[in-house]
Amino acid sequence: MLDLNRLKALHAVHVYGSVGAAADALMVTPSAVSQQLAKLERETGARLIERNGRGVRLTDAAGLLAEHAERILALVETAEADFEALRGEVVGRLNVGAFPTAARGLMPPALTELRQRHPDLWMQLYEREPERMLREVARGELDLVVVQDWLNRPMAIPDGLSRKTLIDDIADVAVPLDHPLAGNKEIELSALRDERWIASSPGTICHDWLVFTLRAAQIEPEIAYMADEYPTHLALVAAGLGCSIVPRLGRDPVPDNVRLIPLRPRQTRRIYALWRTDAARRPAIRATVEALVRASATQENAWASEPELTVG
């Protein structure tokens, strides 16, 4: 009988193209993957991997078995989801991913609630960029992810995933206290034409969105500094080194000498949870989504009770 863990190892090598990449996806060592493949070769009596330069490649027999493994693993996931749904208990292990500001702003209260309400549910959190999480949840490496996209630049969602909008996160421009526009109640993007910008790293969704948005406003951005965490953006703004567009979920704490001012037109990113539709019957998925919805509502209520944004 074929061993499920060995089929997982073979399928991961098939999907990712190397033993090392498969090991990273499965969160094990390359040696562990190689051992699983060697045992699977003995089980099947077929040669599954061949040397290819410094790496390995799958044989035709391995490719055929990997295709069957994909269907088998999908059926196992469906069976597990159906069984959990029948029991109606929030149990088992859930691998959850979130992009950095959601990992900091939404996940702690949601995870705390889940631990208190469902002590038999084991949660593992991974901080990732949205594009990577889309691949990982679609392939079954993560069970549920919290991702974001911007309303003026939506992200394509793969087939087979379900989604739930959690919160609309408005972004404001951060300027130093002595900036000529610091007293404005709103700022047009066009008024920021000559600014130096603080941005996330190239290739991240927020960097690409900023460049896209400024160019759509006929502004060729001068990006002077790059940092991936919004508190670092705010520290650089406080030092008078440039401006940044900061979503409200990522802005705390705000230095005293920084002003946050709403933009016109309003810039908004949508934050939502994604999971595989085949796993939607799992009570653990439903419970996690509900906890995230409550954490998001609490955050929105906190924003509504805050004083005027331009009071730094």
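Reckoned from all heavy atoms, side chains included, excluding hydrogens, waters and symmetry mates.
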Exercise. Are Arg104 and Pro231 close enough that some pair of their side-chain heavy atoms sits under 4.5 Å apart?
Worked result: yes
Problem set entry | Residue Arg115 excluded, over 12 heavy atoms near CZ under 6.0 Å | no
Exercise. Does anything in residues 204-216 pair up under salt bridge (charged side-chain N to carboxylate O under 4.0 Å, His left out), and if so which pairs, sequence neighbours excluded?
Worked result: Arg215-Glu220
Problem set entry | Nearest heavy-atom neighbours spanning Trp197 and Ile245 | CZ3-CG1, 3.7 Å
Exercise. If we only count heavy atoms from C-beta on, is the Trp209 to Thr204 side-chain gap below 4.5 Å?
Worked result: no
For this session: Look only at the side chain of Asn184 and the backbone of Ile187, and say whether a donor-acceptor pair between them is shorter than 3.5 Å.
Result: no
Problem set entry | Check: Leu274 and Leu134 side chains under 4.5 Å, non-hydrogen atoms | yes
Exercise. Quick one: do the Asn152 and Thr213 side chains pair a donor with an acceptor below 3.5 Å?
Worked result: yes
For this session: Indicate yes or no: at least one non-hydrogen side-chain atom of Glu186 is less than 4.5 angstrom from one of Leu263.
Result: no
For this session: Give the minimum heavy-atom separation between Val19 and Ser34, together with the two atoms involved.
Result: CG1-OG, 3.7 Å
Problem set entry | Over all atoms of both residues, closest heavy-atom pair of Cys243 and Glu195 | SG-OE1, 3.4 Å
Exercise. Is a side-chain donor-acceptor pair under 3.5 Å present for Ser201 with Asp228?
Worked result: yes
For this session: State whether Asp169 and Arg269 are salt-bridged, where the test is any N-O pair (Lys NZ or Arg NE/NH1/NH2 against Asp/Glu carboxylate O) under 4.0 Å.
Result: yes
Exercise. Under 30°, 30 to 60°, or over 60°: which ring-plane class applies to Tyr230 and His233, parallel, tilted or perpendicular?
Worked result: perpendicular
For this session: Could you note down all residue pairs passing side-chain hydrogen bond (donor to acceptor under 3.5 Å, both in side chains) where residues 289-301 supplies at least one of them, sequence neighbours left out?
Result: Glu113-Arg294
Seminar exercise, completed: Note: Ala138 and Arg276 closest approach over all heavy atoms is O-CD, 4.0 Å
Problem set entry | Heavy-atom side-chain contact between Ile72 and Leu4 under 4.5 Å | yes
Problem set entry | Residues that Arg132 engages under side-chain hydrogen bond (donor to acceptor under 3.5 Å, both in side chains), provided they are two or more places apart | Glu136
Exercise. Can you find a pair of side-chain heavy atoms, one from Trp275 and one from Thr288, that are under 4.5 Å apart?
Worked result: no
Problem set entry | CA sep, side-chain torsions, deciding dist, call: Leu166, Val293, side-chain contact (heavy atoms from CB on, under 4.5 Å) | CA-CA 6 Å; Leu166 300 175; Val293 167; 3.9 Å; yes
Exercise. Have Ser31 and Gln35 got a donor and an acceptor in their side chains that come within less than 3.5 Å?
Worked result: yes
For this session: Would you name the heavy atoms of Ser200 and Met226 that are closest together and state the gap between them?
Result: O-CG, 3.8 Å
For this session: Determine, using the 4.5 Å side-chain heavy-atom cutoff (strictly less than), whether Ile170 and Ile271 are members of one ILVMFWY cluster.
Result: no
Problem set entry | Neighbour count >12 (heavy atoms, 6.0 Å) for atom CZ, Arg266 | no
Exercise. What are the two closest heavy atoms between Ala98 and Met133, and how far apart are they?
Worked result: N-SD, 3.3 Å
Exercise. Do you know which of Leu144, Val145, Asp143 makes side chain to side chain contact (heavy atoms under 4.5 Å, CB included) with Asn95?
Worked result: Asp143
Exercise. Do the side chain of Ser244 and the main chain of Ala174 share a donor and acceptor less than 3.5 angstrom apart?
Worked result: no
Exercise. Heavy-atom distance under 4.5 Å between the side chains of Arg153 and Phe212, does that happen here?
Worked result: yes
For this session: Determine whether Gln267 and Leu151 make a side-chain contact, defined as any pair of heavy atoms from C-beta on separated by less than 4.5 Å.
Result: no
For this session: Give a yes or no answer on whether the side chain of Arg193 reaches the backbone of Gln218 with a donor-acceptor pair at less than 3.5 Å.
Result: yes
